[in-house]
Amino acid sequence: MKNIILSRFTILIITIFYFHSFAYAQEKKVAETSHELYAEIAHMDSVMFDAFNTQNMPVFKSLFTTDLEWYQDNDGLILYETVFKNFETNFHREYKLTRTLVPGSLEVHPIKDFGAIEIGTHQFRHIENGKEEIGTFKFVMIWQKKDGNWKISRVISYDH
């Protein structure tokens, strides 16, 4: 009788532990995005693309880390030097390319002790052969905050 009670007690403890562990494992722990962080990244996004839209290369380039990795679905991995050679070429094209963030698409998520993830959709526009061309693409940017300054260290550009 004592063994049966001990066995049932052991099964009960194991069952409680199992369901408690299962419930705990299912709990989604999401780092909350503060209004301040969201506003900072939204501001930095606008600073970066104001520089892009006005073709201000010194300001634009200063917003990226020198170990930048840019991943693009069609072109693969592009490193810092190549990224800015490509932008320099784009800035000297006959047509002017401009970017706007799609309203309501911006997401910001904190990265503990590093910075933030920016996710969104943007449109690039230009006039070519008298016709407006518009491309809508998705992106992810990893912002690093170092010494109070925000810079992009990684970019994922996709859905081209």
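Remember, it's a predicted structure, so these values are computed and weren't measured experimentally.
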>> If hydrophobic clusters are built from ILVMFWY residues whose side chains come within less than 4.5 Å, do V140 and Y38 share one?
In response: no

> Same hydrophobic cluster for V83 and F137, using side-chain heavy-atom links shorter than 4.5 Å among ILVMFWY?
Replying inline: yes

> In terms of hydrophobic clustering (I, L, V, M, F, W, Y; side-chain heavy atoms under 4.5 Å; direct or indirect links), are I111 and V108 co-clustered?
Replying inline: no

>> Nearest 0.5 Å, please: how far is CG in D67 from CD in Q144?
In response: 7.0 Å

> Can you tell me how far the CG atom of L106 sits from the CZ atom of F139, to the nearest 0.5 Å?
Replying inline: 6.5 Å

> What's the shortest heavy-atom distance between H109 and L37, and which atoms?
Replying inline: C-CD2, 4.3 Å

>> When you group the ILVMFWY residues by side-chain heavy-atom contacts below 4.5 Å and let the links chain together, are I119 and I142 in the same group?
In response: yes

> Relative to F52, does R99 satisfy both conditions: NZ or CZ under 6.0 angstrom from the six-membered ring centre, and within 45 degrees of the ring's axis?
Replying inline: no

>> Is the shortest side-chain heavy-atom distance between I152 and M48 below 4.5 Å?
In response: yes

>> Classify the ring geometry of F60 against F64: parallel below 30°, tilted from 30° to 60°, perpendicular beyond 60°.
In response: perpendicular

> Between N53 (side chain) and F49 (backbone), is there a donor-acceptor pair under 3.5 Å?
Replying inline: yes

> Under 4.5 Å between any side-chain heavy atoms of D75 and W70, yes or no?
Replying inline: no

>> Using side-chain heavy atoms (C-beta onward) and a distance below 4.5 Å, is W150 in contact with K145?
In response: yes

> Does the pair E69 and L79 meet the rule for a side-chain contact (heavy atoms from CB on, under 4.5 Å), with working shown?
Replying inline: CA-CA 5 Å; E69 293 180 357; L79 300 177; 4.1 Å; yes

>> Could you walk me through whether I127 and E132 satisfy the side-chain contact (heavy atoms from CB on, under 4.5 Å) test, starting with their C-alpha distance in whole Å, then the side-chain angles of each, then the deciding distance to 0.1 Å, before giving a yes or no?
In response: CA-CA 4 Å; I127 304 293; E132 183 177 46; 3.7 Å; yes

> At what distance, to the nearest 0.5 angstrom, does CD of E118 lie from CD of E107?
Replying inline: 10.5 Å

> Does a side chain donor of either N56 or T54 reach within less than 3.5 Å of an acceptor in the other side chain?
Replying inline: no

>> Assigning hydrophobic clusters by single linkage (Ile, Leu, Val, Met, Phe, Trp, Tyr; side-chain heavy-atom cutoff under 4.5 Å), is L101 placed with W143?
In response: yes

>> So, taking the atom named CG in L63 and the one named CG in D45, what distance separates them when rounded to the nearest 0.5 Å?
In response: 10.5 Å

> Taking all atoms of both residues into account, what is the closest heavy-atom pair of V155 and M141, and its distance?
Replying inline: CG2-CG, 4.2 Å

> Hey, what do you get for OG (S105) to CD (Q123), rounding to the nearest 0.5 Å?
Replying inline: 9.5 Å

>> Please report the interatomic distance CZ(R93) to CD(E88), rounded to the nearest 0.5 Å.
In response: 12.5 Å

>> Within the 4.5 Å heavy-atom criterion, are Q55 and T98 side-chain neighbours or not?
In response: no

>> Less than 4.5 Å apart, side chain to side chain, heavy atoms only: is that true for M57 and F84?
In response: yes

> Closest approach of Y71 and L77, non-hydrogen atoms and distance?
Replying inline: CE2-CD1, 3.5 Å

>> Looking at every non-hydrogen atom in both residues, tell me the closest pair between P110 and E32 and how far apart they are.
In response: CG-O, 3.6 Å

> Would you say the side chain of K138 lies within less than 4.5 Å of the side chain of T121, judging by non-hydrogen atoms?
Replying inline: yes

